[in-house]
Amino acid sequence: VNATSQVGGTCGAGVFTSTVDVTGLAAGARSFTAVIADAAGNSTTSAAISVTKDVIAPTTPTAVLDGVTLTSLTASPAISWTASTDTGGSGIDHYEVAVGTTAGATDTNTWTTHTSGATITTGLTLTTNTTYFASVRAVDVAGNVSAAGQADGWIADTTAPTTPTAVLDGVTIASLTASPAISWPA
């Protein structure tokens, strides 16, 4: 910022505190210094501090993977994704994951902080033979949120297949080295 401002503040325990409003500044990095002067005209300049105003959301997480089937009704499969990048300058702070019954939905589990490759085990109540979809979004240090990347879904399947009935194993075997033909209705 190429400007000189006289700002007020508070002084306590030998520390002067002031707030500078940067809402009108364009996005990017800025350097600030403080000049302290006394009534006699003596002054000292502080070391510069760097501040980055980040108003750009991170990129959307890609390659979101959530498995195919799972036999649990209280945990998700391991959910993973390709990391986002943050061109705004503040850096990625964390990722959030939601689960829904359609791609992009959050009706089963709302946005919660999550680590790639981990499973969701808190607050998840699934229904058997239902497809669920994980969505992932990135949040940067400035609080900007990316668009959500979606997985292709997994099925919560806790129902065992039925036992085959009427197993047919052939009638006679003509050789000790031959195998009988075994079949059953599906």
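Remember, predicted model here, so these are calculated numbers, not experimental data.
Taken from CD1 in Ile92 to NE2 in His94, the straight-line distance is 10.0 Å, to the nearest 0.5 Å. From Ile56, atom CD1 reaches atom OG1 of Thr87 across 4.5 Å, with rounding to the nearest 0.5 Å.
Other cluster members for Trp111: none, since no ILVMFWY side-chain heavy atom sits under 4.5 Å from it.
Between Asn109 and Thr112, the shortest heavy-atom contact is OD1-OG1, 3.9 Å. Considering all non-hydrogen atoms of both residues, Pro61 and Ala138 come closest at CG-N, 4.0 Å. Ala27 approaches Val55 most closely through the heavy-atom pair CB-CG2, 3.6 Å. Heavy atoms only, all atoms of each residue included: Ala148 and Arg137 are closest at CA-CB, 4.2 Å. When all heavy atoms of Asp66 and Ala151 are compared, the closest pair comes out as OD2-CB, 3.1 Å.
A side-chain donor-acceptor contact under 3.5 Å links Asp86 to the backbone of Gly91.
Two residues are said to be in side-chain contact when any heavy atoms from C-beta on lie closer than 4.5 Å; Thr101 and Thr108 meet this criterion. Side chains of Glu96 and Val139 form a contact here, defined as non-hydrogen atoms less than 4.5 Å apart. Here the side chains of Asp54 and Asp140 are in contact, with some heavy-atom distance below 4.5 Å. At a threshold of 4.5 Å between non-hydrogen side-chain atoms, the residues Trp154 and Thr131 do not count as touching. Under the 4.5 Å side-chain criterion, counting only non-hydrogen atoms from C-beta, Asn144 is in contact with Pro58. Put simply, the side chain of Thr127 reaches to within 4.5 Å of the side chain of Tyr132, judged on heavy atoms.
The one candidate from Thr130, Thr128, Leu124, Asn129 that meets the side-chain contact (heavy atoms from CB on, under 4.5 Å) condition with Leu126 is Leu124.
Every side-chain contact (heavy atoms from CB on, under 4.5 Å) that Ala105 has, sequence neighbours left out, goes to Thr102, Asp107.
If you chain together hydrophobic residues whose side chains sit under 4.5 Å apart, Val99 and Val64 fall into the same group.
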Show which side-chain atoms of residues 73-85 pair as donor or acceptor with protein atoms under 3.5 Å away, not counting sequence neighbours.
from: Ser76; atom 1: OG; to: Ile120; atom 2: N; distance (Å): 2.8
from: Ser84; atom 1: OG; to: Thr59; atom 2: O; distance (Å): 2.7
from: Thr85; atom 1: OG1; to: Thr59; atom 2: OG1; distance (Å): 3.4

